[in-house]
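The sequence lines fix the lettering, A, B, ..., with proteins before strands; numbering per chain opens at 1.
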Amino acid sequence: MAKIETPRPVRGTQDMLGGTPEAFAERFAHVVATFDRVRRLYGFQRVEVPVFESTAVFARSLGESTDVVSKEMYTFEDRGGDSITLRPEFTAGISRAYITEGWQQYAPLKVATHGPLFRYERPQKGRFRQFHQLDAEIIGAAEPGADVELLVFADQLLKELGINDGVTLTLNTLGDAESREAWRAALIAHFEAHRGDLSEDSVDRLAKNPLRILDSKDPRDRPVADSAPDIDAYLTDEARSFFEKVTSGLDAAGVAWERNARLVRGLDYYRHTAFEFVTDRLGAQGTVLGGGRYDGLIENLGGPATPAVGWAAGIERLAMLVDVPTAPRDIVAVLPDKRDLEDEALAVAARLRRAGIRCWTPLGGNPKKLPAKARQAGVEANLFVLHPDSEGRCFNFISVSDDPSVHELFKPISAVLGEDRFGNFSHFKNNKAD
RNA sequence: GCGAUCGUAGCUCAGUUGGUUAGAGCGCCGGUUUGUGGUACCGGAGGUCGGGGGUUCAAGACCCCUCGAUCGCCCCA
């Protein structure tokens, strides 16, 4: 017989199994659940948008020359001949929906979503081809207060996830269109003057995206980048005042932040506020949550001039920083004492489950070895199903932990099964020394 | 796209300067013991040493190619 070759998982995709020691699936779910809870505190509506869009949605909004558009998109032609792209980010799709679904009537709109995104990149720590993000946007609000609210939201999320300690909020302004253009021109002039001192990569950036030279990691670029002009001197009064309102709002809300005048963001659509929550605990991937204001994007997509701000956070990256969430220990194992009691045990477990009690049941195996397996599975107690004795008693309830909550677990179980049918209730004493 | 490191049972790994039928722990399956406090013991299944080619009397160990993984560059969450 020919050997069947198992198809390999696609590079950069992940399979996450729950119940393992790493508990990555649980941490992932915990991040999402926390986001969903905190987002309600701030009044963000859940929004669902497609996983794929017409390619133009992303090409037009992210900027044709960005890496994401020029080499990282999963783009294909569907059977009708249309060019389709798997979403590499949320903002473009949400902006498109805002226009095409007539959501302007709800403006200012606060929405949140989460789900898979796709980018054709070389996978490494904290970076995947299919990855997942949390996303929050405020559309139709020009006030700096919107930026502040989004940042306070992000800050609270990270605090509630317990990862705020090693993560800092870095903040910058890219100014309005006028400021940004003036600054950009000054930067280009500066870099052109020092062209010979730049790395090869940065010479390329000079042509494609000169702002990115500012945060280059190449030591050869640092002197030139560090001596480059800050945007501050080029800010219009409006832009300066806007940024001041954002920072004073953060201070008022008690959110710690650092100015990083070298912080720029990759996508073309950012204006005014740009920010990243960064950490040094994720290898080369420092950014855990990032975003900014993107006034102008919706207009670019053919909609009305609409101010907007938003951020996205990598769920995998957050999950890697988060502690393993503690699962409630409220599971009872329902174990047949003998093989011929397997059906009976199944019936008992079914009754308990219908009563809302979490049960662990064996999938075959030697009954003698079941208690050990159940213990490994993390149950709180073992319920043995026996042949009835002369008085009709057919259950033994044995705790496998010292936790007094076992008594609480016994109550509903005995209520369902009949207390008089229990021959034994034992609660183990403290561990004896090994 | 580029670079570095790595690739032995389901998992974590040993395998001496290349030398006979490739090992351990855990897990899995079966059995005995224990009226059940991660019990003890016995037995068992499971490996084309990622794949292909080469050097050699002889390669899991050396060389080349290839595939894959990890980490880094680029870029980004």
- Query: Near RNA chain B, under 4.0 Å by heavy atom, which residues of residues 160-174 of chain A?
  - Reply: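 When residues 160-174 of chain A is checked for heavy atoms under 4.0 Å from RNA chain B, there are no hits whatsoever.
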Could you check whether any side-chain N or O of [X] sits under 3.5 Å from a backbone N or O of [Y], counting only pairs where one atom can act as donor and the other as acceptor?
| X | Y | value |
| --- | --- | --- |
| A:Glu26 | A:Gly19 | yes |
| A:Arg271 | A:Pro307 | no |
| A:His114 | A:Ala313 | no |
| A:Glu344 | A:Pro336 | no |

Within the pair [X] and [N], is there a side-chain N or O less than 4.0 Å away from OP1 or OP2?
| X | N | value |
| --- | --- | --- |
| A:Arg11 | B:G68 | yes |
| A:Gln124 | B:G72 | yes |
| A:Lys217 | B:C73 | yes |

- Task: With side chain to side chain donor-acceptor pair (under 3.5 Å) as the test, would you mind laying out the steps for A:Tyr42 and A:Gln156 before giving the verdict?
- Result: CA-CA 10 Å; A:Tyr42 287 79; A:Gln156 180 170 352; 2.6 Å; yes
Of the candidate nucleotides [options], which contains the atom at the shortest distance from the side chain of [X]?
| X | options | answer |
| --- | --- | --- |
| A:Asp67 | B:C75, B:U70, B:A77 | B:C75 |
| A:Gln133 | B:G72, B:U36, B:A77 | B:A77 |
| A:Asp337 | B:C76, B:U36, B:C71 | B:U36 |
| A:Phe384 | B:C75, B:A77, B:U36 | B:U36 |
| A:Glu72 | B:A77, B:G72, B:C75 | B:C75 |
| A:Asn396 | B:U36, B:C75, B:G72 | B:U36 |
| A:Arg205 | B:G72, B:C75, B:A77 | B:C75 |

Return the set of residues passing side chain to side chain contact (heavy atoms under 4.5 Å, CB included) with [X] (not counting sequence neighbours), or none when no residue passes.
| X | answer |
| --- | --- |
| A:Phe76 | A:Asp78, A:Ile84, A:Leu86 |
| A:Arg60 | A:Ala56, A:Leu301 |
| A:Arg40 | A:Asp36 |
| A:Lys159 | A:Asp155, A:Asn164 |

Rounded distance in Å - [atom1] ([X]) to [atom2] ([N]):
| X | N | atom1 | atom2 | result |
| --- | --- | --- | --- | --- |
| A:Arg8 | B:U70 | CZ | P | 12 Å |
| A:Gln130 | B:A77 | CD | P | 17 Å |
| A:Ile398 | B:G38 | CD1 | C1' | 16 Å |
| A:Asn209 | B:C76 | CG | C1' | 13 Å |
| A:Leu282 | B:C76 | CG | C1' | 13 Å |
| A:Arg122 | B:G3 | CZ | C1' | 9 Å |
| A:Phe58 | B:A77 | CZ | C1' | 15 Å |
| A:Phe275 | B:A77 | CZ | P | 11 Å |

So [X], base contact, sugar-phosphate only, or nothing? Heavy-atom distance under 4.0 Å.
| X | value |
| --- | --- |
| A:Arg265 | sugar-phosphate |
| A:Gly126 | base |
| A:Glu89 | nothing |
| A:Asp218 | nothing |
| A:Phe277 | nothing |

- Of A:Gly283 and A:Thr287, whose closest RNA chain B nucleotide lies nearer the 5' terminus?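 Between the two, 5'-proximity favours A:Gly283.
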- Task: With RNA chain B as reference, determine whether A:Ala313 or A:Pro371 sits nearer its 5' end, using the nearest nucleotide of each.
- Result: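 Of the two residues, A:Pro371 wins.
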- Decide side chain to side chain donor-acceptor pair (under 3.5 Å) for A:Ser216 and A:Asp221; before the verdict, give the C-alpha distance in whole Å, the side-chain angles of both, and the deciding distance to 0.1 Å. CA-CA 7 Å; A:Ser216 167; A:Asp221 293 329; 2.7 Å; yes
Can you tell me how far [atom1] in [N] sits from the matching atom in [M], rounded to whole Å?
| N | M | atom1 | value |
| --- | --- | --- | --- |
| B:C64 | B:C6 | P | 13 Å |
| B:C11 | B:C67 | C1' | 23 Å |
| B:A69 | B:U8 | C1' | 15 Å |

- Message: Checking A:Trp311 against A:Leu151 for the side chain to side chain contact (heavy atoms under 4.5 Å, CB included) test, could you report, in this order, the C-alpha distance in whole Å, the side-chain angles of both residues, the deciding distance, and whether it holds?
- Response: CA-CA 9 Å; A:Trp311 55 250; A:Leu151 283 164; 5.6 Å; no
- Message: Using a 3.5 Å limit on both distances, find every run of at least three consecutive Watson-Crick or G-U pairs that involves RNA chain B.
- Response: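 So far as stems of 3 or more pairs are concerned, RNA chain B shows B:1-7 with B:67-73, B:10-13 with B:23-26, B:28-32 with B:40-44, B:50-54 with B:62-66.
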